[in-house]
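Read the structure below first, then the notes.
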2 protein chains.
Amino acid sequence: MSPRRQHASASTITEVAKLAGVSIATVSRVLSNHPHVSDEVRQKVLDAVRQLGYEPHRVAQRLRARQSRLIGIIATDITNPFLNTVMACVEEVFFARGFTVLMSNTNADRKKELNYLSMMESEAIDGLVITPTSENVDRVAELSEKGLPITVVDRRMTAGRVDVVLSDNVAGARAATEHLLRLGHQRIGHIGGPLHLTSGRERYEGYREAMQASSWPASPDLVHFGDYRRESGYNAATELLQSDTPPTALFVANNLMTLGALNAIHDQGISIPDDIAIVGFDDMPWARSLNPPLTTVAQAVEEIGYRAARLLMARIEQPDLPPRTEVVGTQLMVRASCGAKNPLPSP
Amino acid sequence: MSPRRQHASASTITEVAKLAGVSIATVSRVLSNHPHVSDEVRQKVLDAVRQLGYEPHRVAQRLRARQSRLIGIIATDITNPFLNTVMACVEEVFFARGFTVLMSNTNADRKKELNYLSMMESEAIDGLVITPTSENVDRVAELSEKGLPITVVDRRMTAGRVDVVLSDNVAGARAATEHLLRLGHQRIGHIGGPLHLTSGRERYEGYREAMQASSWPASPDLVHFGDYRRESGYNAATELLQSDTPPTALFVANNLMTLGALNAIHDQGISIPDDIAIVGFDDMPWARSLNPPLTTVAQAVEEIGYRAARLLMARIEQPDLPPRTEVVGTQLMVRASCGAKNPLPSP
DNA sequence: ATGAAAGCGCTAACAA
DNA sequence: TTGTTAGCGCTTTCAT
């Protein structure tokens, strides 16, 4: 690393104290609204603060106070509309409560996750919302056991004292698959999420349950797994469509992969829903502007975000609460892509 | 705020020193790879570190070292695909260089922006990438003048010593509008971005230039402004379409508003491109899966992200560089939504 | 090659 | 009501 200059340091509490003619302790008291300060002194200090444009040095504050009013969010993919909406909701809630929210993007990379985890820890955050890269990130369990309030979103965690908010993935996936079965499909393909995530497993499970209960249990060649990114959806769909006996319908485990699958289908000049029906997981505000309007299993995104915030807030205030898991229902948004005859008008 | 327990504090450098039988200075040296340490001592220290699971306290480190290897990103809307992709790129570059990247979401709210700005400052970040809420955020100029390396993305800033990366908005908007004119449209509507952002003004300007140069200069009732969010695009489109003399074509200034406009058009049962043609700003990977495939002015998103990172890195290493502004070209992706007869196949 | 010690800017316990 | 002072955990001279 090459040389680096410090940017001019701001004024310190000492300078404020000097200018106001008081001790630094008094300045500190004024700034943290302690009761026992005379109005006169308070005013002098405030004036000095304004005059110098003083702002407390948060790093120093944190070193002493060990309480940061800082909330961390660690997400696997900030470009995922589901995740970034959840993040925005969490931020909104905590900001309104006077917290500052720091976010980071692991890109589903375990090394990055570890790095951000320890960076958040040493920033002395008061709480963490995370979508872990897998269900057994020891560091998360460890931190939660050490007493750091943590809420896990979108997937379950096996270890640690963490709160969890997620959708009812099995039911959602089952509903999607049953819907396709009801429409007469027999060869229903599934583009699944990573099996090291409970969401991937649960959505797959819902699909399998539905198929099993039907007269046409899923054959393995109908199932491809991706990594929740667009490209993997594109690739999986391409392979599925080019197989000898392609599926007549597709259930895709998340938003980005569905978008990829859509592109793949369009590239092959195949028509939806006539040649192939498709149902995605995760609704998007513009799902009905897709070609054709996309049938999806809608997760209650905002609700998940707000619940995550609420759970975390509760644990911050009361660290000894028993760990809770909240499961939020999903809703099947029937639009044209599944080929249902009379799709209800849907938002 | 209610009571809050500290989560068990990790081991400190003192404990490591004690266990290794050396001074804390030596531990510090080992950890920062100083040359003059005997291999024997180094090994002892490393062992102690491992044994205690010691991790340096970054807050304390920062208080002394005044160099954090921390990069901040402040964005107006993390749910915007353009912005979050840029953010992901910046993160990627800096993480690879050993920096930790902290992001925050202002939701285009000036108060939040100010808060995050001073929070980033007092975290002693080494550099900042920001999409400011307006071109005259004094605090940004101030920080840059104080010596904090700052790169502004997507919009220009009038004050401060900052680097800037943005698209050639005027040219992009002009190209989009001219394309529609060439297709024979005369009443071309524009859903613009906020005029307090240079991107909003420049895209409007490109549209106006093109119209002016045509035989059908834009009438004011053809222009509505939104706030770059989906709802505003929906509302603007709805109003435009319900006017007495609705436009036959629409040029929309960003991705989210275009998606909103699309929804509005679909809700009114109007057909694209027969009844109305539409061109959006910002391409999206799934633009061709929209109904119909969407013609857009594609910004070089990744390129913008990487350039922003490069500019910032350069300034961190060499703070006295003169401020630079880099303008990146756009590309018109012709698809079906504009009604062009033979849209080229496009990715 | 190693250690002692001086702070970084702040908070809070203790004195006055 | 206000001031003095002891650290928080670490880096970095300055000695040795």
Side-chain angles (χ1 to χ4, degrees), chain A residues 1 4 6-46 48-49 52-70 118-119 121-124, chain B residues 1 4 6-46 48-49 52-70 118-119 121-124:
Chain A
M1 207 69 293
R4 181 166 315 172
Q6 209 42 60
H7 57 269
S9 66
S11 47
T12 74
I13 199 173
T14 317
E15 304 176 43
V16 175
K18 204 163 294 172
L19 182 59
V22 298
S23 77
I24 60 167
T26 302
V27 176
S28 177
R29 280 190 197 103
V30 171
L31 261 38
S32 41
N33 280 317
H34 264 256
H36 304 297
V37 186
S38 74
D39 283 356
E40 188 198 5
V41 170
R42 178 182 305 274
Q43 202 46 56
K44 271 195 299 186
V45 170
L46 258 22
V49 166
L52 274 72
Y54 168 77
E55 290 215 42
H57 193 300
R58 298 176 63 126
V59 176
Q61 260 178 335
R62 214 122 35 91
L63 183 56
R64 277 288 347 201
R66 325 299 334 263
Q67 201 256 66
S68 56
R69 295 199 78 75
L70 227 47
S118 55
M119 109 91 283
E121 181 193 14
S122 52
E123 290 301 338
Chain B
M1 206 71 293
R4 179 167 317 172
Q6 210 41 61
H7 58 269
S9 65
S11 47
T12 75
I13 198 172
T14 316
E15 305 176 44
V16 176
K18 204 164 293 171
L19 182 59
V22 299
S23 76
I24 61 167
T26 301
V27 177
S28 178
R29 280 192 199 99
V30 170
L31 262 37
S32 42
N33 280 317
H34 264 256
H36 303 297
V37 186
S38 72
D39 284 356
E40 188 200 3
V41 170
R42 178 182 306 276
Q43 202 46 58
K44 271 197 299 187
V45 170
L46 258 23
V49 166
L52 271 65
Y54 167 76
E55 289 216 43
H57 194 299
R58 298 177 62 127
V59 176
Q61 258 177 339
R62 211 119 39 87
L63 183 55
R64 277 288 345 201
R66 327 284 357 247
Q67 201 255 70
S68 56
R69 294 198 79 74
L70 228 46
S118 54
M119 136 41 321
E121 183 193 12
S122 53
E123 290 301 338

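Each chain gets a letter, A, B and so on, in the order the sequences are listed, and its residues count up from 1.
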Next item on the list: Taking the side chain as every heavy atom from C-beta outward, state whether B:L31 and B:V49 have any atom pair closer than 4.5 Å.
Entry: yes
[X] [atom1] - [N] [atom2] separation (whole Å):
{"X": "A:H34", "N": "C:dC14", "atom1": "NE2", "atom2": "C1'", "value": "14 Å"}
{"X": "A:L63", "N": "D:dA6", "atom1": "CG", "atom2": "P", "value": "17 Å"}
{"X": "B:N33", "N": "D:dT11", "atom1": "CG", "atom2": "C1'", "value": "15 Å"}
{"X": "A:I13", "N": "C:dG9", "atom1": "CD1", "atom2": "P", "value": "11 Å"}
{"X": "B:E55", "N": "D:dG9", "atom1": "CD", "atom2": "P", "value": "15 Å"}
{"X": "A:L31", "N": "C:dT11", "atom1": "CG", "atom2": "P", "value": "7 Å"}
{"X": "A:H57", "N": "C:dG7", "atom1": "NE2", "atom2": "C1'", "value": "13 Å"}

Checklist line | Where at least one partner belongs to residues 29-44 of chain A, residue pairs that pass side chain to side chain donor-acceptor pair (under 3.5 Å), sequence neighbours excluded | finding: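 Residue pairs passing side chain to side chain donor-acceptor pair (under 3.5 Å), neighbours aside: A:Q43-A:D47.
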Check: Any salt bridge between B:R62 and B:E123, counting N to O under 4.0 Å?
Finding: yes
Note to self: Suppose we screen for salt bridge (charged side-chain N to carboxylate O under 4.0 Å, His left out). Which residues come up paired with B:E15, at least two apart in sequence or across chains?
What the structure shows: none
Next item on the list: Sequence neighbours left out, what passes side chain to side chain donor-acceptor pair (under 3.5 Å) with A:S23? Give chain and number order.
Entry: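 For A:S23, the residues satisfying side chain to side chain donor-acceptor pair (under 3.5 Å) (neighbours in sequence not counted) are A:T26.
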How long is the gap from [atom1] on [X] to [atom2] on [Y], to the nearest 0.5 Å?
{"X": "B:E55", "Y": "B:Q61", "atom1": "CD", "atom2": "CD", "answer": "10.0 Å"}
{"X": "B:L52", "Y": "B:K18", "atom1": "CG", "atom2": "NZ", "answer": "11.0 Å"}
{"X": "A:R69", "Y": "B:M119", "atom1": "CZ", "atom2": "CE", "answer": "14.0 Å"}

Give me the distances for all protein-to-nucleotides 2-5 of chain D N/O pairs that come in under 3.5 Å?
unit_1 : atom_1 : unit_2 : atom_2 : d
D:dT2  : OP1    : A:S38  : OG     : 2.8
D:dT2  : OP2    : A:S38  : N      : 2.6
D:dT2  : OP2    : A:S38  : OG     : 3.2
D:dG3  : OP2    : A:S23  : N      : 2.9
D:dG3  : OP2    : A:S23  : OG     : 3.3
D:dG3  : OP2    : A:T26  : OG1    : 2.5
D:dG3  : N7     : A:R29  : NH1    : 3.3
D:dG3  : N7     : A:R29  : NH2    : 3.3
D:dG3  : O6     : A:R29  : NH2    : 2.2

Notebook entry, point to check: Angle, rounded to 10°, between the helical axes spanning five pairs at each terminus of the helix from C:dA1-D:dT16 to C:dA16-D:dT1?
Noted result: 40°
Next item on the list: Using a heavy-atom cut-off of under 4.0 Å over every strand shown, decide if A:T12 touches base, sugar-phosphate, or nothing.
Entry: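 Contact class for A:T12: sugar-phosphate only.
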Check: OP1, OP2 of C:dT11 versus side-chain N and O of A:Q61: anything below 4.0 Å?
Finding: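 Answer yes for this pair, as a side-chain N or O of A:Q61 is under 4.0 Å from OP1 or OP2.
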Margin query: Is it the case that the base of D:dG9 and the side chain of B:R64 share a donor-acceptor contact (distance under 3.5 Å, atom types as modelled)?
Written below: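 Under the 3.5 Å cut-off, the side chain and the base do not form any donor-acceptor pair.
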Next item on the list: With sequence neighbours left out, write down each residue that passes side-chain contact (heavy atoms from CB on, under 4.5 Å) with B:I13, or none if nothing qualifies.
Entry: B:I24, B:V27, B:S28, B:Y54
